[in-house]
Amino acid sequence: MLEAYGPQGWWPLLDHAGRNPTLTGRLTGYHPGDFTFPHTESQRFEICCGAILTQNTAWTNVEKALVELVRAGLLSPRPILGAAEGALETAIRSSGYFRAKAKKLRAFAEFYLGQGGRTPGREALLSVWGIGPETADSIRLYAYGQVEMVIDAYTLRVLRRHGFCRPPLDYDRAKRYCEQHLPRTLADYQEFHALMVEHAKRLRAAGAPGRAA
DNA sequence: TTCCAGGCAATAC
DNA sequence: GTATTGCATGGA
């Protein structure tokens with residue numbers, strides 16, 4: 001996949017070091033071959049929020065929500081907790097499930113502050129309302145640079161279809177399988193997950209059946 | 001118009 | 001304990 005698609009440069013980040021956040025993460029947000037992100041605490045928090053907002057949602061919709069959060073001054077834990085009634089919901093409307101996700105962002109902001117800058121363990125993340133296995137692993141892998149395998153719906157589907165392991169293949173089994181068959185480095189884990197998503201997107205564009213099949 | 005996206009929690013059986 | 005349902009917008 002790497003040879004076919006090239007390095008993906010995940011996790012995409014907004015360019016809000018400058019004053020105007022870019023709308024398309026594609027321009028400045030991806031950073032192929034550079035696994036040193038996040039560079040700032042603000043970027044770390046942005047990745048966490050993106051991981052929550054992208055749950056069952058196209059990334060383009062999430063990008064718009066992130067830009068709105070920056071505009072509203074809400075892409076930061078304390079402002080999220082202090083936001084006026086409905087302000088958070090309005091900012092993230094484009095990401096879908098906006099009421100549920102606003103609640104999730106508040107729950108995470110509280111947890112994040114409680115961490116006091118420490119790297120959260122997987123179990124701790126899973127205990128936060130609104131954070132399940134994929135979101136927890138994404139946050140650890142991309143926001144905290146931990147070598148944590150991320151499995152998504154695409155990866156699960158591909159493993160099943162190619163018969164890599166026998167059913168029932170749930171999240172944890174798929175995770176263990178991938179861990180056993182990949183070099184345990186941050187770069188490999190990040191690249192693998194991003195490439196699986198890219199692979200699935202291309203298959204879909206080429207007319208492959210979706211999740212129903 | 002219908003389908004579906006980088007899931008998760010609540011509810012039903 | 002496993003299966004289903006609700007959450008919601010925007011693009012193809």
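The sequence lines fix the lettering, A, B, ..., with proteins before strands; numbering per chain opens at 1. The structure presented is a predicted model; accordingly, all values stated were derived computationally and were not measured.
- Taking side-chain N and O atoms only, A:T135 has a distance below 4.0 Å to OP1 or OP2 of B:dC8.
- Taking the centre of each ring, A:H199 and A:Y154 stay at or above the 6.0 Å mark.
- Sequence order on DNA chain B of the closest nucleotides to A:N61 and A:P133 puts A:N61 first from the 5' end.
- Of the C1' atoms belonging to C:dA3 and B:dA5, the separation is 22 Å, rounded to the nearest Å.
- At whole-Å resolution of the value, CG in A:D170 and P in C:dG1 are 15 Å apart.
- Between the CG atom of A:L156 and the P atom of B:dA5 there is a distance of 13 Å, given to the nearest Å.
- The aromatic rings of A:Y112 and A:F108 are tilted relative to each other, their planes meeting at an angle between 30° and 60°.
- We find that CD of A:Q55 is positioned 18 Å from C1' of C:dG10, with the value rounded to whole Å.
- Checked by atom type, the side-chain pair A:T135/A:K104 shows no donor-acceptor distance below 3.5 Å.
- Contact annotation for A:I131: backbone-only contact, meaning every heavy-atom pair under 4.0 Å involves sugar-phosphate atoms and none involves a base.
- Across the protein-nucleic acid pair, A:K104 atom NZ and C:dA8 atom C1' stand 12 Å apart, rounded to whole Å.
- Taking atom CG of residue A:N56 and atom C1' of nucleotide C:dC7, one finds them 9 Å apart after rounding to whole Å.
- Residue A:R204 places no side-chain N or O under 4.0 Å from the OP1 or OP2 atom of B:dC4.
- Look at CD1 on A:I92: it is 12 Å from C1' on C:dC7, rounded to the nearest Å.
- Here the side chain of A:K64 is nearest to one of C:dC7, C:dT9, C:dG10, namely C:dG10.
- Within the 4.0 angstrom heavy-atom criterion, only backbone atoms of the sugar-phosphate kind lie near A:A153; the bases stay farther away.
- Minimum atom distance to the side chain of A:S94 is reached by C:dT9, of the listed B:dA5, C:dT9, C:dA8.
- A:H193 has its ring centre no less than 6.0 Å from the ring centre of A:Y189.
- A:T54 contributes no side-chain N or O that, together with a main-chain N or O of A:G50, makes up a donor-acceptor pair within less than 3.5 Å.
- A donor-acceptor pair under 3.5 Å is formed between the side chain of A:T90 and the backbone N or O of A:G86.
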Nucleotides 10-13 of chain B: which of its N/O atoms have a protein N/O under 3.5 Å away?
residue, atom, partner, partner atom, Å
B:dA10, OP1, A:W129, NE1, 3.4

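- Looking at A:D137 and A:Y171, their side chains do bring a donor and an acceptor atom within 3.5 Å of each other.
- In this structure, NZ of A:K101 is placed 8 Å from C1' of B:dG7, rounded to the nearest angstrom.
- At whole-Å resolution of the value, NZ in A:K201 and P in B:dC4 are 17 Å apart.
- The side chain of A:Y97 approaches C:dA8 more closely than any other nucleotide in the set B:dC8, C:dA8, B:dA5.
- A donor-acceptor pair under 3.5 Å links the side-chain atoms of A:E191 to the main chain of A:Q8, judged by distance alone.
- Taking atom P in both B:dC8 and C:dG10, one finds a spacing of 22 Å when rounded to whole Å.
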